[in-house]
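Notes follow once the structure below has been shown.
All residue numbers refer to positions in the sequence shown, counting from 1.
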Amino acid sequence: MTCTKFIKAVVASFALSIAVVPNIGTAENLRVMRGSPSTALNVPMNRAVVVESDTPFTELSIANPGIADISSLSDRTIYVLGKEPGRTTLTLLGGDGRLITNVEVHVTPDIAEFKERIQQILPGENIEIRTANNGIVLSGTVSSIARLDRALELAERYAPDRVSNLMSVGGTQQVMLKVRFAEMQRSVSKSLSSSIALQGSTLGGNLGLQAGTNSTNNSGAISSTLDGATPASNANNGAFLFGFNAGGVEVGILLEALEARGVVRTLAEPNLTALSGQEAKFLAGGEYPIPVAQDGGSITIEYKPFGVELNFTPRVIDNDVINLELSAAVSSLDPTNGFTANGFNVDAFKRRETSTTVEMRDGESFAIAGLLQDDFMDLNGQVPWVGDIPILGSLFRSAEYSRKQTELVIIVTPHLVTPTRGEVLALPTDRVQPPTERDLFLFGRVTADKAPQTGGAGEVARQDFSGSYGYVLDD
């Protein structure tokens, strides 16, 4: 009875030990011959395999227990557990103490579960997964950079810092960015001023009197005013002068008015194409020399670019989603705010710029910058006390009014583009051809009077446009 209970306890304990062993794989037939095994032993990390040997052994040893752990289940069966990626050697000894063989053990990351996760998270992607040494190698083609990043991030979970990326990104990866700068500047200014001058023998010969609010009437210009001429220093667009004599007194009255209106329109549409992830730069303008003082009193010249500037870095995230990191600017010379120093005249710059990061789909647009500026100024000046006199006081009073408005909008539109045939691309020069001597001298033509034959414009000219095209209005 006691013997029977002992046998049952041994069997139960053996069954329990088998149950707690993690991920025991099916038995592998190693076919160990004296001298060398038939194949190397591949063991996934954190998994176990049972190996059967054709030759009985009495002793086992592993070179690096940190890579794999072993135990014998019988004189022909070996239990091998993969612990860390790497390679080690399993040594088998016979009953006489002699070497039977050395088995090469390869412990690799468990890519079976990794493959299942890739198929679940990134279905339909052509990703090939292999092991190399103690790492994972990814190859194949993915549809976007975002999916490539996801695959790499998942692979790092299984083999930290041991992932080799050989994948390529398919689809369109070139982005053309269309930027439109639109600016309107409107200005209105009005002014009205007056001056009065008195002179004659009644006031003491050459002595005279002048009063008013217009600074252009200085003492040197009074005589010209009374002679019927507008003062030379007057820059107003409108001036009205009249005078009369009252006995020995000459009276001159000058009324000056100014009204100015101005509109400035600025429009630029730079287009630029770049590969996903690569920076592209565009400048249409020039470089302005600026003197810079150095140590020792020497002067060097630095060049500052101005004009239409565009720098952007596109990234195709997923399918047609595009991430844009861009900087755009429009600048011009502003001589009115410049300065002069040491014989150098340096102009200032008027600059409108923006720098931002946006995300949009192919063909969508964003207004990334906008400016509405309204400057208003009015000024009323008069001669003290005299300007407060009703009716007559208007001759000693001036008023100025000025208003400036600025509107600026910057709109960006990205497009995914692919190369095309050069013949279908039109150049501005394709539509203009130099005239012959006959066209120039006999008919006065500055361009040849014939349709272009080459380039994109020529291809359009060869098309048949017979029939109704465009907008047709029937009454």
Side-chain angles (χ1 to χ4, degrees), residues 10-120 127-139 151-166:
V10 172
V11 173
S13 62
F14 180 76
L16 181 61
S17 64
I18 295 298
V20 298
V21 173
N23 299 326
I24 296 180
T26 59
E28 294 187 8
N29 189 357
L30 191 59
R31 293 191 60 82
V32 175
M33 282 96 49
R34 189 166 298 274
S36 62
S38 57
T39 57
L41 182 59
N42 296 316
V43 183
M45 187 176 65
N46 296 326
R47 289 181 178 267
V49 297
V50 177
V51 182
E52 295 180 349
S53 174
D54 290 345
T55 304
F57 55 85
T58 58
E59 188 176 348
L60 294 174
S61 64
I62 191 75
N64 188 348
I67 295 178
D69 194 7
I70 60 171
S71 63
S72 60
L73 303 179
S74 67
D75 61 349
R76 293 176 181 268
T77 307
I78 310 170
Y79 175 81
V80 183
L81 173 65
K83 298 173 66 177
E84 291 291 338
R87 294 188 179 188
T88 186
T89 303
L90 172 64
T91 302
L92 282 70
L93 300 177
D96 55 357
R98 293 186 177 182
L99 175 66
I100 297 177
T101 187
N102 288 322
V103 181
E104 189 78 14
V105 180
H106 296 175
V107 180
T108 59
D110 184 13
I111 63 174
E113 181 182 1
F114 178 46
K115 290 181 179 179
E116 295 176 1
R117 297 294 178 265
I118 283 289
Q119 293 300 324
Q120 294 172 358
I127 300 178
E128 299 179 1
I129 304 171
R130 300 181 179 87
T131 59
N133 196 4
N134 60 344
I136 295 178
V137 178
L138 302 180
S139 60
L152 293 177
E153 182 178 357
L154 183 60
E156 287 289 337
R157 298 284 184 176
Y158 291 87
D161 300 326
R162 298 190 304 272
V163 179
S164 298
N165 177 25
L166 301 180

**OP:** Nearest 0.5 Å please: distance from the CG atom of L81 over to the OG atom of S71.
**Re:** 9.0 Å
**OP:** Apply side chain to side chain contact (heavy atoms under 4.5 Å, CB included) to I111 and list each qualifying residue two or more places apart in sequence or on a separate chain.
**Re:** K115, I129, T131, I136
Subject >> Closest heavy-atom pair and its distance - K83, V107 >> reply: N-CG1, 4.1 Å
**OP:** Output all residues satisfying side chain to side chain contact (heavy atoms under 4.5 Å, CB included) with D75, sequence neighbours left out; order by chain, then residue number.
**Re:** P56
**OP:** Calculate, to the nearest 0.5 Å, the distance between atoms CG and CG belonging to N165 and L152 respectively.
**Re:** 4.5 Å
Original post:
Taking side chain as C-beta onward, heavy atoms only, is I78 less than 4.5 Å from L90?
Top reply: yes
**OP:** Please list, chain by chain and in numerical order, all residues satisfying ring-ring contact (aromatic ring centres under 6.0 Å, His included) with F114, sequence neighbours excluded.
**Re:** Y158
Original post:
Quick one: salt bridge (Lys or Arg N to Asp or Glu O under 4.0 Å) partners of E156, sequence neighbours excluded?
Top reply: none
Subject >> Any L41 side-chain heavy atom under 4.5 Å of V51 side chain >> reply: yes
Subject >> Contacts of type side chain to side chain contact (heavy atoms under 4.5 Å, CB included), residue T89, not counting sequence neighbours >> reply: A63, T91, N102, E104
**OP:** To the nearest 0.5 Å, tell me how far L92 CG sits from L99 CG.
**Re:** 8.5 Å
**OP:** Give, for atom CD of E84 and atom CG of N46, the distance between the pair rounded to the nearest 0.5 Å.
**Re:** 7.5 Å
Original post:
Looking at residues at least two apart in the chain, or sitting in another chain, which of them share a salt bridge (Lys or Arg N to Asp or Glu O under 4.0 Å) with R76?
Top reply: none
Subject >> Close side-chain approach of P85 to T108, heavy-atom, < 4.5 Å >> reply: no
Subject >> Taking every non-hydrogen atom, the tightest pair across V80 and A68 >> reply: CG1-CB, 4.4 Å
Original post:
Would a 4.5 Å heavy-atom cut-off, applied to side chains only, mark I62 and T88 as touching?
Top reply: yes
Original post:
For the residue pair T77 and F57, what are the closest heavy atoms and their distance?
Top reply: O-CZ, 3.8 Å
Original post:
Taking only residues two or more places apart in sequence or in another chain, which ones pass salt bridge (Lys or Arg N to Asp or Glu O under 4.0 Å) with E59?
Top reply: none
Subject >> side-chain contact (heavy atoms from CB on, under 4.5 Å) evaluation trace for I67 with V105 >> reply: CA-CA 9 Å; I67 295 178; V105 180; 5.9 Å; no
**OP:** Would you name the heavy atoms of T58 and G94 that are closest together and state the gap between them?
**Re:** OG1-O, 2.7 Å
Original post:
At their closest point, which heavy atom of L154 faces which heavy atom of R117, and how far apart are they?
Top reply: CD2-CB, 3.8 Å
Original post:
Who are the side chain to side chain contact (heavy atoms under 4.5 Å, CB included) partners of P44, not counting sequence neighbours?
Top reply: R47, D110
Original post:
With a 4.5 Å limit on heavy-atom distance, are the side chains of T101 and T55 in contact?
Top reply: no
**OP:** Under the salt bridge (Lys or Arg N to Asp or Glu O under 4.0 Å) rule, collect the residues that match up with R87, sequence neighbours excluded.
**Re:** none
